[in-house]
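Structure first, then comments.
Note: hydrogens, waters and symmetry copies are ignored here, and every other heavy atom, side chains too, is used. So that the names make sense, note that chain A is the first sequence line, chain B the second, and so on, each numbered from 1.
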Amino acid sequence: MSFPATASPHASLLHPEVGSRAAARPRLTRSSRCLASLAPVPPPPPHENANHLVQTLCANGRLARAAALLQGIPAPTQRTYESVLLAAARAGDAALAAAVHRRLEADPVFRSDPFLSTRLIDAYAALGELPAARQVFDEAPVRSIFVWNALLKALALADHGEEALARLADMGRLRVPVDSYSYAHGLKACIAASASHAPASALVREIHAHAVRRGYGLHTHVATTLIDCYAKLGIVSYAERVFATMPERNVVSWTAMIGCYAKNERPGDAILLFQEMMASDEDLVPNSITIVSILHACAGVNALGQGKLLHAYILRRGFDSLVSVMNALMAMYMKCGCLESGKHIFNSIGHRKDVVSWNTLISGYGMHGLGHEAVQVFEDMTHMGVSPSIITFISVLGACSHAGLVDEGKRLFESMVDYNVRPRTEHYACMVDLLGRAGHLDEAVELIQGMHITPSPQVWGSLLGACRIHRHVEYAEMACSQLFDLEPRNAGNYVLLADIYARAKLHSQVDVLRDLLEVHELEKVPGRSWIEVKKKLHMFVSVDNKNPQVEELQALIGEFVTQMKNDGYVPDTGVVMYDIEEEEKEKILLGHSEKLAVAFGLINTGRGEVLRISKNLRLCEDCHSVTKFISKFTEREIIVRDVNRFHHFRDGVCSCGDYW
DNA sequence: TTAGGGTTAG
C-alpha cells in the first residue's frame, strides 16, 4: 500500500521537525500514530546499514556471507556480534564462532565487553568447544556474574562437575557474589559429572549446604533443581524434604517432584501428588510436561482408569497437538495392555510422528511378544526415511528376544552399521539375552568375548538370566565373577546364582551365598504388584504380614492350589531361598504379591471383568503356573505386565508361550 | 543477558 504523505491532513505531524513549534504540537491521536509509523525514514549511515545486513543474513541462515561481511565492517555493534554468535551456535559452526572471537579481540570498543564474553562462552559451550570457552573466561578483562555463570553452564554441559564446583569455590574466595543461577548450573554440573572422582551425591550435598548458608536454599529455581538432582540420584527423601520446605511452588516445582517419584519407581506416589496438586488451592494448571510425567506414572502402575481421564483432559485442552504428549499417551495405553488403543493414537499422530513415536510402537509390540509386528514397524519406519536411533535398535532387538526371533535379531544387529548406529553395551545386552534365552549360550559367551567395548553389568546380567533358564552353572559362575565385582551391592545377582545352585542341588554353595547376603546386609528388592479396581489403585507387597487382608487373599489362592495339586501340580519352591521347611516355603509362595493382587481382583470385580496387574520384578514360575490355572478355572482374562513384558493369561494359556 | 520439570529401551 502506498501512502500519499504530502496529501495527508496530518502532514505536519508526520514530519514534526518540519512543523512549526515542537512545544505547540497537539497530542497524537491513534490514527495519526499509525500513520507516523508508515512515514519514510531517512536512510541510515553506511556502517549501520552493514550492521543491519549482517544481522538479517544471520536471521536467514546465510552465515558464510555474514561472516565475510563481519570482517570488513569498520564498527560492528554489540548486537551484530551477538547475532553472528547465536547463529553460529544454532548452525553448529565452530569455525564461525572462532572467527567472531578473533574479530572481537581486534575490536578496541568491545574486546572487554562482558556481555559479549558471555555470549562467546555460551556459543563455544553449545558447540562443544569447552577449551575455547575456558579460554574466553580466562582472558576476559571484565568478569561479570554473567560471565561466571556462563562458564559454570559450559562446564555443566561438558560434564565437568568437579571443575564447576572448584569455580564456585573460586567465586567465594574472590568475593564474587554467587547468585541463584550459579547454584542451578553448579548442581546440574554435579549430576552430569561422569568423569568425576567424587560421587555426584557428595557434590550435590556440598552445593546444597553452600546454597543454604547463603540463603539460596529455598529459592524456587535452586530448590527445583535440587529436587531434580536428588531425584536423579535416587535420594527421594531429600527431594521430599526440599519440596516440603519450599515457601513458593509453581508448576515446574510440582512437576519436578512428581517426576522424582515417577523416576524412582514410586509411580503410585507420583499419581497421589498429582491429585494433590489438582486439588490444591494454589491454582495450578498442569502443562504438557506435567501430563507426560503423570502418564508415565500411570503406565508404571497400570492405572488405566487414571490414564483415560488424562486422555480426555488432553483432548479438552488441546494437548493432542503435541507429539510428546501423544507419545506418552500411546506408551501409557500399551503398557496398560491396550495395544489397539496405542496403535490408534499412533495413527492419529499422522505425519507429525517422530522417532520416539516409532520406538514406542516397536517396543509396545515387543512387550506383548509380537516380534514379527515389531520388525515390520521397523521396516516401515526405515522405508519412510526415518533414521533409527540407538533406542530403536534396543527396542527392536528386545522385541526379537521376547519372541525368540534369533535370526531376525542377528540380521538387525548386523545392519546397525548401515544406519550409522554403533552397537553399544545395551545392544550387546539385548543380543546376549536373545541368544541366551533361546538356549544358544555358547554363542552368547562368544559374542561377549568378542566385544570391542567393555561388557557392562547388563551384558553379564543377561547371561546370568539365561543361565537360570537353562540351568547352566558354569557360565553363571563366569557371569557372577564379573557381576560381584561390578555390582557388589546388587542382591539380585546373588539371588539368581543361589537359585541356579539350588536347582542343581549344590546346597553348600547356596548357604555360602545366603551368608554373603547377610554379611553384606543386602536385601532382596521386595516384590510389588499393583491392580486398579474401580479407578482406585491397590498395591501388594510380597510376604506382607502387616496387611490384615492378606490372610483372606492367601486362603483363596490356597483353594486354587489345592485344586491344582489334584491335577499333579507341585509348587515351585526352588525360588524360595530361605532354609525352612517345604510347607513354610509353600506359604511364602502363596504370599507373592502378584497372587495377592489376582485374588484381590477376583473378589472385588464383576464376573468376566479383565484383571490388569503390573509388577516390579520378573514373574516367577510358580505365579505363572498358578495364574494360568486361575484364568481357566475362573474363566477370567488376566493381563500381567512384569518388569520385562506382558503375560496375557486366557483359558489356562499364557501369550508368552512359557518363553520369558 | 543467564536458570528449574517430560516422552521411547534394557
Quiz item: Taking atom C1' of dG6(B) as reference, at what distance in whole Å does atom CE of Met326(A) sit?
Solution: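 Whole-Å distance recorded here is 16 Å.
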Practice problem: Check the distance between dT1(B)'s C1' and Leu120(A)'s CG and give it to me in whole angstrom. | Solution: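 It is 14 Å, rounded to the nearest whole Å.
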Looking at every strand, decide which applies to [X] at a 4.0 Å heavy-atom threshold: base, sugar-phosphate, or nothing.
X	value
Lys353(A)	nothing
Ser395(A)	sugar-phosphate
Glu426(A)	base
Val251(A)	base
Thr225(A)	sugar-phosphate
His427(A)	nothing
Asp228(A)	sugar-phosphate

Quiz item: Any side-chain heavy-atom pair from Asp320(A) and Met326(A) closer than 4.5 angstrom?
Solution: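 In contact.
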[X], nearest nucleotide to its side chain (from [options]):
X	options	answer
Thr220(A)	dG4(B), dT8(B), dT1(B)	dG4(B)
Ser293(A)	dT2(B), dG6(B), dG10(B)	dG6(B)
Val356(A)	dT7(B), dT1(B), dG10(B)	dT7(B)
His402(A)	dG10(B), dG4(B), dT1(B)	dG10(B)
His221(A)	dT1(B), dG4(B), dT2(B)	dG4(B)
Asn287(A)	dG6(B), dG5(B), dT7(B)	dG5(B)

Quiz item: Would Phe146(A) pass as stacked on dT1(B), i.e. its ring centre under 5.5 Å from the base's six-membered ring centre and planes under 30° apart?
Solution: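 Whether judged by distance or by angle, Phe146(A) passes, so it stacks on the base of dT1(B).
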Quiz item: So does Glu265(A) pair up with Arg528(A), basic N to acidic O under 4.0 Å?
Solution: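 No salt bridge links Glu265(A) with Arg528(A).
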Exercise. Go through Asp354(A) and Ser357(A) one step at a time and tell me if the side chain to side chain donor-acceptor pair (under 3.5 Å) criterion holds.
Key: CA-CA 5 Å; Asp354(A) 61 12; Ser357(A) 320; 2.9 Å; yes
